[in-house]
Amino acid sequence: MQAVPALSSAPSSPEMLRGKRVIVTGASSGIGEQMAYHLARMEAHLLLTARREAKLQKVVERCLELGAASASYVSGSMEDTTFPEVVVKEAENTWGGLDMLILNHIGHSFFNYFNGDVGHVRKLLETNFLSYVAMTTAALPMLKENEGSVVVVSSMAGKIGTPFVAPYSATKFALDGFFSSLRHEFIIDKVNVSITLCILGYIDTENAVRAVSHAIRDTPAPKEECALEIIKSGALRQRELHYPSWVVGSLVLLRDIAPDFLDRSIRSNYKVENIKRT
Ligand SMILES: NC(=O)C1=CN([C@@H]2O[C@H](COP(=O)(O)OP(=O)(O)OC[C@H]3O[C@@H](n4cnc5c(N)ncnc54)[C@H](OP(=O)(O)O)[C@@H]3O)[C@@H](O)[C@H]2O)C=CC1
Ligand SMILES: C[C@H](CCC(=O)O)[C@H]1CC[C@H]2[C@@H]3C(=O)C[C@@H]4C[C@H](O)CC[C@]4(C)[C@H]3CC[C@]12C
C-alpha cells in the first residue's frame, strides 16, 4: 500500500493533489474530461471511468502527456448496478487506497416537458443518484483510512425547481438530501472524510449546449474553469461550490427570500416556443 499524506492537512492550493489517488467518473467528455486534464497537470494518480472505451483511451493518453503520476480507465455503464463496485475494486487493487472520489457522470435525459415516462425517471435515478451512493459506500473504507474527499457534481436544477428537466432535477435534489445527511453523520461520528456538493449553472459542454442552446437565453460558462473550481473546492474540503458563483449564489438566495419572483424570472429566461413536445 502506498503511503500518501492525508488530504485534510490544511490544503491551500491545488498543488496539494500531487501524488493523490483520484477516481473521476464521467471522464470521457465534458467537465469530467477537463477535470482529468487539470488533475494530470497536478501530477495526481488517475482512474477514469465512463462507457466509451475509445474516448477514455484518448483521455488517458493525454493525461499521461500532461504529467499524470499514472492514469488508467475502467469502461462500463453506471446503469449496471454492479459497476460502481467494479470501479472502486480496481482502485483498491491498483493503489491499495484512495484520496478523492469525484462523482460526475450523468445518464442521458431530455430537455422537454415531462412525458409521463416513469421508467426513464427510474433509470435516471439509478445512473445519476444510486450509483453515486453505491460508489461512495464501496469507497468509504479507503477514504476513511486516508482522510479523503467525496466530490459530488450537481446542478442548479438540484437546488431550484426549473422547467423541462423534471427527471434530471429529481436525481440532483436526491444527491443533496443524501449527501447533506451523510455529512452530518460523518461529523457526529468524527469521520474525517469531506463531502463537497458542486452546484453548477449552465456550462459550455457539447452535450449541454446541444440540449438547451435553442431554448435558454443565458451564455454558458467555460468547462475548463468550471472543472478547476470543482477540483479546488474538493481539495479545500468546502461544503458547497457555487459556479458561476454570482449566478448560482444569487438564485439560491432568492429561492429563500422571494420564491415567486424567482420562478417568474426563471420562466422568462426560456424561449418556450422553441420546446417541441416529444
Ligand atoms: N453542462 C452543464 O451545463 C451542467 C452540468 N452539470 C453537471 O456536470 C456533470 C458533467 O456534465 P457534462 O460534462 O455537461 O456532461 P457530459 O454529457 O459531457 O458528460 C457526461 C459523462 O457521463 C458519462 N456517462 C453517460 N452515461 C453514462 C452511464 N450510463 N454510465 C457511466 N457513465 C456515463 C459520459 O460518457 P460515456 O457516454 O462515454 O459513458 C460522459 O463522460 C453532470 O453531473 C451534470 O449534471 C451541472 C450543471 C450544468
Ligand atoms: C438535458 C441535459 C442533459 C443532456 C444529455 O442527456 O446529454 C442537462 C445536463 C445539464 C443540464 C443543465 C444544468 O444542470 C444547469 C441548468 C439547470 C437549470 O435548472 C435548467 C437549465 C440547465 C442549463 C440544465 C439544462 C439541461 C442540462 C443541459
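Ligands are counted one by one from 1 in listed order, and the atoms in each one are counted from 1 as well.
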Handout entry: Residue pair Cys198, Thr196: steps toward the side chain to side chain contact (heavy atoms under 4.5 Å, CB included) verdict
Key = CA-CA 6 Å; Cys198 302; Thr196 301; 4.1 Å; yes
Exercise for the section: Determine which pairs satisfy side chain to side chain donor-acceptor pair (under 3.5 Å) with at least one residue from residues 60-87, sequence neighbours left out, and list them in order. Expected result: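 Applying side chain to side chain donor-acceptor pair (under 3.5 Å) to every pair that reaches into residues 60-87, excluding sequence neighbours, yields His45-Ser70, Glu53-Tyr73, Gln57-Tyr73, Arg62-Glu65, Asp80-Thr82.
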Practice task
At a heavy-atom distance under 4.0 Å, which protein residues reach ligand 1? Sort them by chain and number, would you?
Solution key: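 Its neighbours under 4.0 Å (heavy atoms only) are Gly26, Ala27, Ser28, Ser29, Gly30, Ile31, Ala50, Arg51, Arg52, Gly76, Ser77, Met78, Asn104, His105, Ile106, Gly107, Thr127, Tyr132, Val153, Ser154, Ser155, Tyr168, Lys172, Leu200, Gly201, Tyr202, Ile203, Thr205, Asn207, Ala208, given by chain and number.
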Problem - Donor-acceptor under 3.5 Å (Ser154 side chain, Leu197 main chain) - result: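 No; zero donor-acceptor contacts below 3.5 Å.
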Practice task
Please name all residues satisfying side-chain contact (heavy atoms from CB on, under 4.5 Å) with Lys144, sequence neighbours left out, ordered by chain then number.
Solution key: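 Scan of Lys144 (side-chain contact (heavy atoms from CB on, under 4.5 Å), adjacent residues dropped) gives Leu140, Val191, Val193.
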Practice task
Enter the distance from Ile31:CD1 to Ile231:CD1 here, rounded to the nearest 0.5 Å.
Solution key: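 Here the rounded value is 11.0 Å.
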Practice task
Measure the CG-CG distance between Asp189 and Asn192 for me, rounded to the nearest 0.5 Å.
Solution key: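 Between Asp189 CG and Asn192 CG, I get 12.0 Å after rounding to 0.5 Å.
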Filter the ligand 2-protein atom pairs down to N or O on both sides and distance under 3.5 Å, then list them.
unit_1, atom_1, unit_2, atom_2, d
ligand 2, 6 (O), His108, ND1, 2.8
ligand 2, 6 (O), Ser109, N, 2.9
ligand 2, 6 (O), Ser109, O, 3.3
ligand 2, 14 (O), Ser155, OG, 2.6
ligand 2, 14 (O), Tyr168, OH, 2.8
ligand 2, 19 (O), Thr162, OG1, 2.4

Problem - Salt-bridge criterion met for Lys89 and Glu92 (N-O under 4.0 Å) - result: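 Here Lys89 pairs with Glu92 in a salt bridge, since their nearest N and O are under 4.0 Å apart.
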Exercise for the section: Indicate the atoms forming the closest heavy-atom contact of Val153 with Lys172, along with that distance. Expected result: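 Smallest heavy-atom distance, with atoms named: O-NZ, 2.9 Å.
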Practice task
Please check if atom CD in Glu273 has more than 12 non-hydrogen atoms from other residues, nucleotides or ligands closer than 6.0 Å.
Solution key: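 For Glu273, atom CD is crowded (more than 12 foreign heavy atoms under 6.0 Å).
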